[in-house]
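Shown next, in structure tokens, is the structure this report addresses.
When reading the values below, keep in mind they use all heavy atoms of this one structure, side chains included, and skip hydrogens, waters and symmetry mates.
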Amino acid sequence: MGRGAVLVAVAYAGLLLLGALGLRALEGTPAPPRHPGTPNASQWDLATAILFATTLLTTVGYGPVAPLSAAGKAFCMAYAVVGVPITMVVLTAAVRRLTGPLVERPRLYLQGRWGYSRHGAARVHFVFLVGVTSGVLVLLPATGFYVLEPTWTYLDAVYFCVISLCTIGLGDLVPAEQPGQALRQLYQVAVSMYLLLGLTGVLLLTQTFYHLAELHGVTGITGGIFSSEEGAEEGAGLLEGTREGEKPARGGGSING
């Protein structure tokens, strides 16, 4: 990991911590006993505030904890307006840096070692990436949630993972809300990390699907993280700078910049 990537990661962690500390300061008084269907199920300890800040910036937004004071709501709005675009930029930059080792190199390996065509390598790689993503970001974490949440079935846990990584966040299932859970604060921080890593994986999968569609001529219909494979090679641009000049268009023409 380059120095620029480390600095971005540290800066983003600071952004999360800033939001958590601000929310805790504004909403940190003990919450009244919870009634079904009302927010502020938990006291605003630091771990709760970190998880809330993460769900806010990733637009997951479960909703069992929410600011109640006018100052807290104002802070939440300002924090979201600034933090959500920053989160999208950071996650996109992370995906671009992962494209080389996780997308381009495996495809080249399939072409060189196993003799796949460019299209065939892209298809095989995408199927493999879907399987790995499903296992690492859904099935495996769901097993952990199933063990840690005594009231959840395994289907509930899988449902929670999929809904969260799609940034839907219905709020009907929320982890670390059972009274007396062991290491609850550590659990909440771990869920925050899972959301950030999981969304990075989903973005990588989405970008890979876009490239696959592009290779098969499905272009100009939907946008993607990259406009072309050459764009993927420039992916580290947010952290390392970008190249200037004209790029050849897919049809063989040129795009005048």
- [ ] Indicate yes or no for a side-chain donor-acceptor contact from Arg24 to the backbone of Asp45 under 3.5 Å, with no hydrogens or angles considered.
- [x] no
Task: Heavy-atom side-chain proximity of Cys76 to Leu56 below 4.5 angstrom - done: yes
Task: Heavy-atom side-chain contact between Arg184 and Gln178 under 4.5 Å - done: no
- [ ] Give the minimum heavy-atom separation between Pro141 and Cys161, together with the two atoms involved.
- [x] CB-SG, 4.1 Å
TODO: Can you measure from NE2 (His119) to CD (Gln111) and round to the nearest 0.5 angstrom?
DONE: 10.5 Å
- [ ] Might you work through the side-chain contact (heavy atoms from CB on, under 4.5 Å) test for Gln188 and Ile50, ending with a clear yes or no?
- [x] CA-CA 8 Å; Gln188 288 177 307; Ile50 289 175; over 6 Å; no
TODO: Would you give the length of the straight line joining atom OG1 of Thr151 to atom CD of Glu177, rounded to the nearest 0.5 angstrom?
DONE: 11.0 Å
- [ ] Check the surroundings of atom OH in Tyr154: do more than 12 heavy atoms from other residues, nucleotides or ligands lie under 6.0 Å from it?
- [x] yes
Open item on the list: Is there a path of hydrophobic side-chain contacts, each under 4.5 Å between heavy atoms of I/L/V/M/F/W/Y residues, joining Trp152 to Tyr62?
Closed with: yes
- [ ] Go through the side-chain N and O atoms of Glu149 and Tyr187 and say whether any donor and acceptor fall under 3.5 Å apart.
- [x] yes
Task: Nearest non-hydrogen partners of Tyr116 and Val124, listed with the distance - done: CE2-CG2, 3.6 Å
Open item on the list: Assess the residue pair Leu51 and Val189 against the criterion (side-chain contact (heavy atoms from CB on, under 4.5 Å)); give the C-alpha distance rounded to whole Å, side-chain angles, the decisive distance to 0.1 Å, and a yes or no.
Closed with: CA-CA 6 Å; Leu51 178 57; Val189 173; over 6 Å; no
Open item on the list: In the structure I gave you, are the side-chain heavy atoms of Glu27 and Ser69 within less than 4.5 Å of one another anywhere?
Closed with: yes
- [ ] Grab the two heavy atoms, one from Val202 and one from Leu137, that are nearest each other, plus how far apart they are.
- [x] N-CD1, 4.4 Å
Task: Centroid separation Tyr146 to Phe160 less than 6.0 Å - done: no
Open item on the list: Do Tyr12 and Leu16 make a side-chain contact, defined as non-hydrogen atoms from C-beta onward lying under 4.5 Å apart?
Closed with: yes
Open item on the list: Grouping I, L, V, M, F, W and Y whenever their side-chain heavy atoms are under 4.5 Å apart, do Val136 and Phe145 come out in a common cluster?
Closed with: yes
TODO: Would you kindly confirm whether Leu170 and Val191 end up in one hydrophobic cluster when ILVMFWY residues are joined by side chain heavy atoms under 4.5 Å apart?
DONE: yes
- [ ] Taking atom CG of Leu183 as the centre, report whether more than 12 heavy atoms of other residues, nucleotides or ligands fall under 6.0 Å from it.
- [x] no
Open item on the list: Can you classify the ring geometry of Phe126 versus Phe209 as parallel (below 30°), tilted (30 to 60°) or perpendicular (above 60°)?
Closed with: tilted
Open item on the list: With heavy-atom distances below 4.5 Å as the criterion, would you say the side chains of Leu46 and Leu21 are in contact?
Closed with: yes
Open item on the list: To the nearest 0.5 Å, what is the distance between CG on Leu203 and CG on Leu91?
Closed with: 6.0 Å
Open item on the list: Would the distance check show the side chain of Thr55 and the main-chain N or O of Phe52 forming a donor-acceptor pair, the cut-off being under 3.5 Å?
Closed with: yes
TODO: With side-chain contact (heavy atoms from CB on, under 4.5 Å) as the test, would you mind laying out the steps for Leu57 and Leu15 before giving the verdict?
DONE: CA-CA 10 Å; Leu57 297 189; Leu15 177 66; 4.0 Å; yes
- [ ] Check Leu215 against Arg107 and note the closest heavy-atom contact, atom names and distance.
- [x] CD1-NH1, 4.3 Å
TODO: For Tyr109 and Trp114, run side-chain contact (heavy atoms from CB on, under 4.5 Å): C-alpha distance rounded to whole Å, both residues' side-chain angles, the deciding distance at 0.1 Å, then the answer.
DONE: CA-CA 7 Å; Tyr109 175 79; Trp114 298 101; 3.4 Å; yes
Task: Cluster link Phe75 to Ile86, ILVMFWY, side chain under 4.5 Å - done: yes
Task: For Met88 against Thr92, the heavy-atom pair lying closest together - done: O-OG1, 2.7 Å
Open item on the list: Rounded to the nearest 0.5 Å, what separates atom CG in Leu204 from atom CG in Leu199?
Closed with: 12.5 Å
TODO: Examine Val90 and Leu196 and state if one hydrophobic cluster contains both, with Ile, Leu, Val, Met, Phe, Trp and Tyr joined whenever side-chain heavy atoms are less than 4.5 Å apart.
DONE: yes
TODO: Give a yes or no on whether the backbone of Thr208 and the side-chain of His125 come within a donor-acceptor separation of less than 3.5 Å.
DONE: no
Open item on the list: Would you say that Tyr159 contacts Thr153 through its side chain, given a criterion of any heavy-atom pair below 4.5 Å between the two side chains?
Closed with: no
Task: Side-chain H-bond candidate by donor/acceptor type, Tyr194 with Ser164, under 3.5 Å - done: no
Task: Closest heavy-atom pair and its distance - Thr99, Gln207 - done: OG1-OE1, 3.0 Å
